[in-house]
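Each remark here refers to the structure printed beneath this line.
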Amino acid sequence: MSSTSPLQLTRDLLAFNTINPPGQEKDCAEFLGKLLQDAGFAVRYHAFEPTRTSVIATIGGRQDKPPICFTGHIDIVPLGAAAWARDPFAGETEGDRVFGRGSTDMKSGIAASVIAAIKLAPHLHDKPGVTLVLTASEEVGCEGAKYLAEEKLLDRAGAIVVAEPTDNYPYVGHKGLIWVEIETKGKTAHASMPEQGENAILKMGKVVHELEHFNWKHHCGVDCHPVMGKPTMNIATIHGGLNTNSVPDSAKLTVDMRTVPGIDHVHLCRSIQSLIGDLGHLRKIVETPPLYSEPDEWIESVFAASAPYLERKPSTADPKTIQFSTDGADLKRGYVANGCGAVPTVILGPGQPELAHQTDESCSIKRLDESVEIFERVMREWNGL
Ligand SMILES: [Zn+2]
């Protein structure tokens with residue numbers, strides 16, 4: 001086997017340029033698939049578009065208990081405008097750090113899951129097992145995970161660990177995310193005769209006023225979550241009009257909303273559309289549902305597995321959720337739809353959340369090694385080893 005240590009596997013993965021867009025996860029997915037196949041996993045590839053490949057690798061499996069899922073995304077974000085001091089694809093190391101785009105978010109998390117799973121593979125054949133779901137295009141609307149869930153390509157899993165960067169602290173969920181575009185239309189005319197036209201920007205002003213006074217409680221029935229806090233709405237961009245001497249006949253606005261459990265995105269879109277009436281037309285751009293798992297016995301065992309490595313100990317009496325959204329929400333939705341029960345989900349991985357998407361992104365090698373130990377313990381306990 002070419003990749004033996006978690007650090008070496010992380011460096012091998014960093015060498016693949018999976019910047020999204022365009023993504024092109026295929027080569028990296030096949031590299032991971034081959035590694036897992038050689039270790040005895042059944043491997044399937046699913047591309048939502050040519051070269052946009054996710055890989056699912058499963059070992060073990062029993063009727064009475066489904067496998068545990070570990071998931072990570074293969075794609076990485078662009079390098080940004082600032083110059084890097086390190087080669088983003090070389091996996092340079094210095095002291096306790098390994099550098100590169102995706103070192104924190106989240107090729108280190110993939111490497112840790114894969115190493116732990118391969119180590120346990122010989123013992124998993126007649127056990128509930130482990131399924132690794134390594135996705136394409138998380139960074140652009142969770143496209144790979146959505147495809148797997150919607151096309152019913154996921155098999156079974158009883159719990160999910162999302163190995164996104166959390167400094168090895170286990171989080172029990174995140175807010176949902178939904179982006180919408182609203183367009184108002186009018187009728188153009190010469191600016192000197194505005195009464196001949198219908199001004200799309202003036203209509204948009206009324207839309208903005210309605211959104212500014214949007215009442216979550218009244219429209220969605222929920223305006224707070226005990227752990228996540230309040231849903232948010234940000235009017236993010238606005239464009240309208242083409243030239244100063246015409247009445248504008250179109251204006252567009254985009255809105256970012258972060259939602260909490262209990263808010264249904266379909267209902268939310270309908271509520272906003274009925275609020276603005278025929279002033280404008282709403283179109284959904286992307287969405288990820290909110291993700292939350294009430295601490296149960298399994299989550300308690302994950303907290304116990306990570307606690308020895310943490311200064312701030314996780315507690316089921318005071319569970320925490322993370323700021324960013326993940327593939328976990330769509331994957332959980334897919335497994336729940338397949339009849340896998342509640343599918344408790346934890347976000348837990350070796351990267352540092354504050355370094356994600358940054359110039360000269362890096363990961364602690366110590367954290368990486370510790371996450372392998374945590375993942376191995378979680379996999380062992382799920383499988384009664
Ligand atoms: Zn990520």
Side-chain angles (χ1 to χ4, degrees), residues 1-16 18 25-46 53-61 67-76 91 98 100 102-125 127 129-136 138 144-145 148 154-155 157 159-166 168 305 326-328 331 346-351 363 365 367-380 382-383 385:
M1 192 169 67
S2 61
S3 302
T4 46
S5 74
L7 174 60
Q8 187 52 48
L9 180 53
T10 302
R11 300 183 71 215
D12 290 344
L13 298 177
L14 289 173
F16 290 94
T18 53
E25 296 88 349
K26 182 170 182 275
D27 290 349
C28 191
E30 287 176 355
F31 170 82
L32 285 160
K34 167 126 192 6
L35 200 65
L36 288 155
Q37 200 155 20
D38 289 348
F41 286 73
V43 172
R44 287 179 290 137
Y45 298 99
H46 299 290
T53 310
S54 299
V55 53
I56 300 180
T58 306
I59 196 160
I68 185 169
C69 169
F70 277 69
T71 183
H73 60 85
I74 300 168
D75 61 321
I76 54 179
V98 54
S103 53
T104 235
D105 183 13
M106 57 168 289
K107 287 175 171 173
S108 54
I110 292 180
S113 319
V114 168
I115 294 279
I118 287 178
K119 188 171 170 197
L120 293 182
H123 312 288
L124 291 173
H125 289 287
K127 296 286 191 275
V130 173
T131 185
L132 293 163
V133 178
L134 309 173
T135 62
E138 188 270 350
L148 295 175
L154 297 167
D155 191 9
I160 304 174
V161 175
V162 185
E164 287 271 11
T166 71
N168 287 342
T326 72
D327 276 341
L331 296 179
V346 161
I347 303 136
L348 163 66
C363 181
I365 298 164
R367 279 275 188 248
L368 172 61
D369 290 336
E370 289 171 351
S371 75
V372 177
E373 292 173 22
I374 297 168
F375 289 175
E376 191 187 326
R377 177 166 158 185
V378 171
M379 289 176 191
R380 279 184 183 282
W382 185 264
N383 285 285
L385 289 170

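Computed from heavy atoms alone, side chains included, the values below leave out hydrogens, waters and symmetry copies. All figures in this text were calculated on a predicted structure; none of them were measured in a lab.
- A distance of 10.5 Å separates CG in L35 from CG in L132, rounded to the nearest 0.5 Å.
- Judged by distance alone, the side chains of D327 and T135 do bring a donor and an acceptor atom under 3.5 Å apart.
- Distance SG/C69 to CG/D155: 11.0 Å, rounded to 0.5 Å.
- Every residue two or more places apart in sequence or in another chain that forms a side-chain contact (heavy atoms from CB on, under 4.5 Å) with A116 is listed here: V372, F375, E376, M379.
- Under the side-chain contact (heavy atoms from CB on, under 4.5 Å) criterion, A136 pairs with E25, F48, S54, sequence neighbours left out.
- Between the side chain of T71 and the backbone N or O of V162 there is no donor-acceptor pair closer than 3.5 Å.
- The side-chain contact (heavy atoms from CB on, under 4.5 Å) check on D38 picks up K34, with sequence neighbours excluded.
- The two residues G102 and L14 have their closest heavy-atom pair at C-CD2, 3.7 Å.
- Two residues are said to be in side-chain contact when any heavy atoms from C-beta on lie closer than 4.5 Å; I160 and V133 fail this criterion.
- Of all non-hydrogen atoms in I59 and G40, the two that sit nearest each other are CD1-O, 3.7 Å.
- Across every non-hydrogen atom of G109 and P350, the tightest pair is CA-CD, 3.7 Å.
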Candidate pair M106 and E138, rule side-chain contact (heavy atoms from CB on, under 4.5 Å), full reasoning: CA-CA 11 Å; M106 57 168 289; E138 188 270 350; over 6 Å; no
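- The side chain to side chain donor-acceptor pair (under 3.5 Å) check on T18 picks up K107, with sequence neighbours excluded.
- For the residue pair A29 and Y45, the shortest heavy atom distance occurs at O-CE2, 3.6 Å.
- Atom CD1 in I374 sits 11.0 Å away from atom CG in D369 (nearest 0.5 Å).
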side-chain contact (heavy atoms from CB on, under 4.5 Å) between L13 and F31, worked out: CA-CA 9 Å; L13 298 177; F31 170 82; 3.9 Å; yes
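- Looking at residues two or more places apart in sequence or on another chain, you find a side-chain contact (heavy atoms from CB on, under 4.5 Å) between N383 and L124, K127, P128, V130, L385.
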Checking salt bridge (charged side-chain N to carboxylate O under 4.0 Å, His left out) for the pair E30/K26: CA distance, chi angles, key distance, verdict? CA-CA 6 Å; E30 287 176 355; K26 182 170 182 275; 3.4 Å; yes
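- A distance of 6.0 Å separates CG in D27 from CZ in F16, rounded to the nearest 0.5 Å.
- Between the side chain of S108 and the backbone N or O of S103, at least one donor-acceptor pair lies under 3.5 Å.
- Residues passing the side chain to side chain donor-acceptor pair (under 3.5 Å) test with T131, sequence neighbours excluded: T58.
- Contact between H73 and I110 at its shortest, heavy atoms only, is O-CD1, 3.2 Å.
- Taking CG from L32 and CD from Q37, the interatomic distance works out to 12.5 Å, rounded to the nearest 0.5 Å.
- Taking CG of D75 as the start and CG of D105 as the end, the distance is 8.5 Å to the nearest 0.5 Å.
- Taking every heavy atom of both residues into account, N168 and S371 meet most closely at OD1-CB, 3.3 Å.
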